[in-house]
Amino acid sequence: MTIRFGVIGAGRIGKVHSKTIASNPKAKLAYIADAMPQVAADLAAQYGAKVAGVEEIIKAGDIDAVLIGSPTGFHAEQIQAASNAGKAIMCEKPVSLSVETIHETLKVIEKNKSTLMIGFNRRFDPNFAEVERRIRAGEIGAVEMVTVISRDPSPPPAQYVKSSGGLFRDMMIHDFDMARFLMGEEFVIVNALGSALVNKAIGVEGDVDTAAVQMQTASGRIAVITNSRRATYGYDQRMEVHGALGMIHAKNVHESTVEVLNGAGYLAAPIQNFFLERYMTAYSNELNAFISAVESGNRNPSPSGFDGLQAQKLADAATLSWQTGKPVKVD
Ligand SMILES: NC(=O)c1ccc[n+]([C@@H]2O[C@H](COP(=O)([O-])OP(=O)(O)OC[C@H]3O[C@@H](n4cnc5c(N)ncnc54)[C@H](O)[C@@H]3O)[C@@H](O)[C@H]2O)c1
């Protein structure tokens, strides 16, 4: 069975998904849409796909699935339209910056019994996926504490933060999902600190570029997430989980395994620079998982629309906690 895709949004992430679809033997990249027709045309030409409008893709009779990589503000309406048109949907994170809109969107998904998967690609990173598998296999016993460290190599332009929803909703949303994925229990309290230490203009726009969040589950288990929009040494993506029987952690992935040991010390190759390098395997595994869900009629693949909702609630709680300086309860 070949799943025929229409990709909406031909920017940074749309290009990544178009590449993984085009190179997947079970998928066909049929159509690409973008608000800027030339951007869509350039990408379509690379893979022999057709350019089409967003509505045209959503309604196309020869498409099984829609992959949404447009800016965040369009995700919910495009998910709903694709669901109403009977398509399976893979949508980039976040579903929406509004929890209410996510609820409305999930109702449409439920009504139409559509398959919806959300692009929390880190669940498909081979190292992080193995951490989760070994936790569930009981290798470290009951999880007591999850620590996630995530630092981008450099900050986005200050104007970007206006439309992004801010660090907690745009960047840390991946780490909220990862903390839930590893913990296996929902968080009920969130406490956040944040500052603009990397670029003061980000602070002027009302956002932070440096943040730390503590969260706790109803049974008392704890997660700590730290984010920075700066890392002079590359894309810093690490985690550590402590349990009753031991500890499991995943280190950064380096550009090569070469190390030089001399009088100056122990020098390893740089760590991979950013998400396009670090998570290419994850994006490809993510697409395979989505294709399997569509083939098997699984309407709730991991990460599901519900996972998108829960991560957004944590991001909202962290934003409020940072703004008010108080811990925030999550229902
Ligand atoms: N999972 C990940 O690793 C990851 C990485 C990057 C971005 N993202 C998410 O993907 C989304 C897009 O981010 P990006 O970095 O690719 O942005 P981008 O600005 O590079 O690309 C967005 C593209 O969408 C087009 N566009 C604008 N309005 C549109 C509309 N209504 N319909 C169709 N296309 C439209 C723009 O012209 C642009 O080409 C965001 O929601 C972001 O949070 C996820």
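Whatever order the structure lists ligands and atoms in, that order sets their numbers, starting from 1. Residue numbers count from 1 along this sequence. Note that the structure is predicted; figures quoted are calculated from it, not measured.
- Sorted by first then second residue, the salt bridge (charged side-chain N to carboxylate O under 4.0 Å, His left out) pairs that include residues 311-331, not counting sequence neighbours, are Arg169-Asp316, Lys313-Asp331.
- Less than 4.0 angstrom separates some heavy atom of Gly119 from each of these atoms of ligand 1: 1 (N).
- The protein atom (non-hydrogen) at minimum distance from atom 30 (C) of ligand 1 is Gln78 NE2, 3.8 Å.
- For the side chain to side chain contact (heavy atoms under 4.5 Å, CB included) test with Ile68, the passing option among Ile79, Ile58, Val7, Ile13 is Ile79; the others fail.
- Summarising the geometry, atom CD1 belonging to Ile8 is positioned 10.0 Å from atom CD belonging to Glu55; distances are rounded to the nearest 0.5 Å.
- Residue His75 places a heavy atom under 4.0 Å from ligand 1.
- Checked against a 3.5 angstrom limit, the closest N/O atoms of Tyr160 and ligand 1 fall outside it.
- For the side chain to side chain contact (heavy atoms under 4.5 Å, CB included) with Met239, the lone residue among Ile248, Val146, Val131 that qualifies is Val131.
- Counting protein heavy atoms only, atom 15 (O) of ligand 1 is closest to Arg12 NE, 2.8 Å.
- Of all atoms in ligand 1, numbered sequentially from 1 with element shown, those under 4.0 Å from a heavy atom of Gly9 are 24 (O), 34 (N).
- For atom 34 (N) of ligand 1, a protein heavy-atom neighbour is found at a distance under 4.0 Å.
- Among Lys93, Gln310, Arg123, Arg122, the single residue meeting the side chain to side chain contact (heavy atoms under 4.5 Å, CB included) criterion with Asp177 is Arg123.
- With hydrogens left out, the protein atom closest to atom 1 (N) of ligand 1 is Glu92 OE1, 2.9 Å, a heavy atom.
- The distance criterion of under 3.5 Å between nitrogen or oxygen atoms is not met by Pro94 with respect to ligand 1.
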